[in-house]
There are 2 protein chains.
Amino acid sequence: MNLNRNVSSIASLISDPSRAAILLHLLDGRCHPAGDLAAAAGITPQTASFHLAKMAEIGMVTVEKHGRHRYYRIAQASDAEMIEQLLSFAGPAPVVSLRQSDQMKKLRHARMCYDHLAGEAAVRIAESLQREGHLQKDGLQLHVTASGERFFSDFGLDLPQLRKKRRAFSRCCLDWTEREHHLAGALGQGLTERMFAMDWFHREEQSRAVRITQEGKQGIAERFGIRFD
Amino acid sequence: MNLNRNVSSIASLISDPSRAAILLHLLDGRCHPAGDLAAAAGITPQTASFHLAKMAEIGMVTVEKHGRHRYYRIAQASDAEMIEQLLSFAGPAPVVSLRQSDQMKKLRHARMCYDHLAGEAAVRIAESLQREGHLQKDGLQLHVTASGERFFSDFGLDLPQLRKKRRAFSRCCLDWTEREHHLAGALGQGLTERMFAMDWFHREEQSRAVRITQEGKQGIAERFGIRFD
DNA sequence: TCCACATTTCGATGATAATGGAAACGTCTA
DNA sequence: TAGACGTTTCCATTATCATCGAAATGTGGA
């Protein structure tokens with residue numbers, strides 16, 4: 001059985017608590033300098049560097065040099081999704097502080113899943129798109145219907161451009177807090193980017209959490225027929 | 001962040017090649033004596049016992065004593081599904097022998113996923129059930145429609161009994177070879193059990209693979225409108 | 001009662017790998 | 001050009017853990 005070789009090598013990357021902390025931190029899709037990741041994981045820069053080199057070797061993260069900083073990020077969306085899935089099986093974290101529970105609430109509400117939106121907001125948007133007939137689920141694919149083509153174009157997305165990207169165009173991604181699907185792939189990324197460009201969302205500092213702005217609430221209500229309190 | 005504690009502890013269980021081999025062997029849903037698992041993983045009985053104790057402690061496997069044997073099995077269907085999901089991210093195993101590729105082909109065709117059917121056959125059955133309007137996808141749930149109630153009852157399933165079980169009644173499970181969903185939960189288990197009772201399938205020895213019998217091919221064609229070569 | 005067999009417990013060993021101190025390397029700033 | 005800073009490389013230490021031999025436990029069969 002050579003199956004396990006792959007599985008266990010992936011699992012062993014995540015099994016180290018320090019690496020898990022780093023990966024969880026990188027799950028926001030942002031680039032982070034090595035020092036930040038060390039601080040986030042509670043280890044010295046040397047150790048973090050060691051772990052990052054190991055993860056880069058397997059291709060789980062990639063580096064970008066900018067000045068004297070080296071910015072790391074998760075290389076592939078699929079790896080980020082795998083970690084999100086593991087989270088769903090790990091179960092909800094034991095809440096130790098009020099501050100943490102507050103943070104958790106924000107994460108459940110809306111967060112980044114690498115390069116696209118996740119959380120309750122993302123799931124409800126995906127539901128709305130299907131209900132309105134813009135997207136049609138087909139296995140793990142989310143097929144864009146004719147009305148969907150119009151909808152996304154109106155929304156300001158350049159679908160032909162998105163289709164050109166070397167990644168899945170439109171697919172489901174299992175949301176670990178909602179246990180429902182949200183929209184991922186190039187389309188999910190493009191839609192998220194567009195909504196950020198319209199100032200519907202703001203990133204929180206140092207977190208994957210995303211805050212919905214007033215314009216966002218209004219826009220989401222108008223476009224998707226979803227109301228947030 | 002206490003999230004990572006959970007994630008990494010789960011990952012570390014799978015990260016050891018011996019444990020991964022054991023878990024992969026247990027993925028057939030059958031009970032296996034400790035000695036068999038040791039042989040399957042290529043380790044001594046002592047070492048296997050050590051690993052099994054560790055996995056039992058976390059609750060990933062459970063033991064049943066029968067005479068001087070101790071039979072181990074994966075405790076929860078959800079854990080089995082998690083491992084299947086990890087497999088889908090690990091990607092297809094490098095094929096080293098013709099024999100293995102042959103085995104792989106069988107696994108893709110039809111296999112057990114813990115306690116329910118998986119592989120191409122299971123995916124196509126799930127598709128058929130939705131196409132015929134017996135099941136309706138709702139997030140990760142597969143809702144049984146009125147016509148579905150009749151269909152499954154005709155098929156010989158006791159739905160009220162299945163609903164009583166302390167587990168999800170009817171849900172999707174991602175098939176790692178087909179990358180589509182198949183039917184899981186109590187309903188998936190019950191349906192699988194019924195089809196085995198009707199001699200539609202036979203388990204292969206020492207493997208998760210499942211063979212479709214002549215009756216099976218006929219029955220599947222009649223009931224689900226699916227034809228296998 | 002004795003022996004064979006499956007499994008576990010105990011204990012020792014050896015390998016692996018995470019960790020941080022020291023130092024080197026690049027890059028930015030003054 | 002010098003010094004501060006982010007990062008990496010080298011290296012030694014340490015802890016963890018998988019592994020297996022030996023022995024104990026428990027069960028079944030003769």
Side-chain angles (χ1 to χ4, degrees), chain A residues 1 4-5 7-26 30-75 206, chain B residues 1 4-5 7-26 30-75 206:
Chain A
M1 281 286 209
N4 33 11
R5 183 82 46 79
V7 179
S8 58
S9 73
I10 286 184
S12 74
L13 261 194
I14 309 172
S15 66
D16 179 73
S18 299
R19 277 194 295 264
I22 289 176
L23 285 172
L24 241 43
H25 208 74
L26 286 173
R30 285 196 260 230
C31 292
H32 293 271
D36 277 18
L37 295 171
I43 50 181
T44 59
Q46 305 99 294
T47 308
S49 180
F50 164 76
H51 286 307
L52 289 166
K54 181 169 279 192
M55 292 193 276
E57 196 181 342
I58 312 266
M60 181 90 73
V61 301
T62 51
V63 209
E64 245 174 75
K65 288 182 62 172
H66 276 123
R68 55 184 160 183
H69 295 265
R70 299 209 181 174
Y71 291 92
Y72 286 90
R73 62 183 174 79
I74 294 181
Q206 301 287 4
Chain B
M1 282 288 210
N4 35 9
R5 184 80 45 79
V7 179
S8 58
S9 72
I10 285 185
S12 74
L13 264 192
I14 309 172
S15 67
D16 180 73
S18 299
R19 277 195 294 264
I22 290 176
L23 286 172
L24 240 43
H25 207 73
L26 286 174
R30 284 197 261 233
C31 292
H32 292 272
D36 278 17
L37 295 171
I43 50 181
T44 59
Q46 306 97 294
T47 309
S49 179
F50 163 77
H51 287 306
L52 288 166
K54 182 169 277 191
M55 292 193 275
E57 196 181 345
I58 313 263
M60 181 90 71
V61 301
T62 51
V63 208
E64 245 173 75
K65 289 180 60 173
H66 277 121
R68 54 184 161 185
H69 294 268
R70 299 208 182 176
Y71 291 93
Y72 286 89
R73 61 184 175 80
I74 295 181
Q206 299 289 3

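Of all non-hydrogen atoms in B:C31 and B:Y71, the two that sit nearest each other are CB-CB, 3.8 Å. When every heavy atom of B:A34 is checked against every heavy atom of B:A48, the shortest pair comes out as O-CB, 4.4 Å. Taking every heavy atom of both residues into account, A:I22 and A:A41 meet most closely at CG1-CB, 4.0 Å.
Running 5' to 3' along DNA chain D, contacts with non-hydrogen atoms of chain A at under 4.0 Å begin and end at D:dA4 to D:dT9.
Distance check, rounded to the nearest 0.5 Å: OG of A:S9 to CD1 of B:I14 gives 12.0 Å. Atom NE2 of B:H25 and atom CZ of B:R30 lie 8.5 Å apart (nearest 0.5 Å). Within the model, atoms CZ of A:F50 and CZ of A:R19 stand 7.0 Å from one another, a figure rounded to the nearest 0.5 Å. Between atom CG of residue A:D16 and atom OG1 of residue A:T47 there is a gap of 10.0 Å, rounded to the nearest 0.5 Å. The line from CG of B:L37 to CG of B:L24 is 11.5 Å long, rounded to the nearest 0.5 Å. Atoms CG and CG, from A:L52 and A:L26 in turn, are 7.5 Å apart once rounded to the nearest 0.5 Å.
Using a 4.0 Å cutoff on non-hydrogen atoms, the parts of residues 41-67 of chain B near DNA chain C are B:P45, B:Q46, B:S49, ordered by number. DNA chain D is contacted by no residue of residues 32-39 of chain B, taking any non-hydrogen atom closer than 4.0 Å.
No contact: A:Y71 has no heavy atom under 4.0 Å from any strand.
Note on A:R68: every side-chain N or O is 4.0 Å or more away from OP1 and OP2 of C:dT29.
At a threshold of 4.5 Å between non-hydrogen side-chain atoms, the residues A:R73 and A:T62 count as touching.
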